[in-house]
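All of these numbers come straight from a predicted model, not from anything done at the bench.
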Amino acid sequence: MRRHPRRGEAGREVTAASGTPTLRGAAVGRGIGIGLMYGLWKPRVLGAWRVPASGPVILAVNHSHNIDGPMLMGTAPRPVHFLIKKEAFVGPFDPFLRGIGQLKVDRTSADRTAITQALGVLENGGVLGIFPEGTRGEGDFVSLRAGLAYFAVRSGAPIVPVAVMGSTERRGRLISALPPLRSGVDVVFGDAFDAGDGSGLRTRKALDEATVRIQARLTSHLENARRFTGR
């Protein structure tokens, strides 16, 4: 992966013409996430050392609850730029989410702006967070969309699988849509891996094969995380 010509030696990013979010914004988001997630719940973070300390990386996260994204933002060892559905960018949340370095994506079409911005994050050596299932569900990685494979193969960035566990076990008494306050949530990071086959090809066949490899690795990580945490 070549260094971005506008990225400084200290790793600070500048906003590109395409609107690529800055590391500073994501760092602010991480700070907010740390305060909220550790203040409201009791995260147990396992394997965070597996996330590369520098350079581009994609965090592939299972998604079964609305707090999964914020939980990862507050527990990951590096600031994360998440691809978030455009429906979340309403009212005051629009400037807020943009301000903390998050990316709006239209899931109903090939959103070229979101794709360009996400690739820009990786080109700048940043961390891109993706829910590879595309939407909230069982959080078991059974149905993966092709976007994760595209970003991984196109950028060459390694993927780190992440399992967020415990967010759906019980409902809170005060706010039923959230886990009980001060309840435990496990965030388990897996080993980084390359999705491509080394050929550099980005054909439909190559992306389909990469998706199969990715799904196998993510499913294996989730199974290991369940055994390790007992959840």
* Structure fact -> The reported gap from OG1 in T75 to CD1 in I34 (rounded to nearest 0.5 angstrom) is 9.0 Å

* Asked: With distance as the sole test, does Q102 use its side chain to make a donor-acceptor pair with the main-chain N or O of F82 at under 3.5 Å?
  -> yes

* Backbone of F189 reached by a side-chain donor or acceptor of R50 within 3.5 Å -> yes

* With sequence neighbours excluded, what pairs up with D197 under the salt bridge (Lys or Arg N to Asp or Glu O under 4.0 Å) test? -> none

* Going through the checks in order, is the side chain to side chain contact (heavy atoms under 4.5 Å, CB included) test met by L148 and T211? -> CA-CA 8 Å; L148 175 56; T211 298; over 6 Å; no

* **ILVMFWY cluster membership beyond F228 - transitive side-chain contacts under 4.5 angstrom** => L46, V188

* List the steps, then state whether side chain to side chain contact (heavy atoms under 4.5 Å, CB included) holds for M37 with V185. => CA-CA 10 Å; M37 296 303 107; V185 177; over 6 Å; no

* Residues which pass salt bridge (Lys or Arg N to Asp or Glu O under 4.0 Å) with D194, listed by chain and number, not counting sequence neighbours -> none

* Qualifying residue, where the test is side chain to side chain contact (heavy atoms under 4.5 Å, CB included) with R213 and the options are Q215, R217, E209 -> E209

* Do you know which two heavy atoms are closest between P77 and A48, and how far apart they sit? -> CG-O, 3.6 Å

* side chain to side chain contact (heavy atoms under 4.5 Å, CB included) between L36 and W41: does it pass, once the steps are laid out? -> CA-CA 8 Å; L36 288 177; W41 294 284; 6.0 Å; no

* Which residue pairs satisfy the salt bridge (Lys or Arg N to Asp or Glu O under 4.0 Å) criterion with at least one member in residues 89-102, sequence neighbours excluded? -> D94-R98

* Using the test salt bridge (Lys or Arg N to Asp or Glu O under 4.0 Å), find all partners of D111 that sit at least two apart in sequence or belong to another chain. => none

* Check for a donor-acceptor pair, side chain of H63 on one end and backbone N or O of F131 on the other, with a separation under 3.5 Å. => no

* **Residues in salt bridge (Lys or Arg N to Asp or Glu O under 4.0 Å) contact with R202, at least two apart in sequence or another chain** => none

* Asked: Which pair of heavy atoms, one from I32 and one from F96, lies closest together, and at what distance?
  -> CD1-CE1, 3.9 Å

* Asked: Do L178 and Y38 sit in the same hydrophobic cluster, where Ile, Leu, Val, Met, Phe, Trp and Tyr count as joined when their side-chain heavy atoms come under 4.5 Å apart?
  -> yes

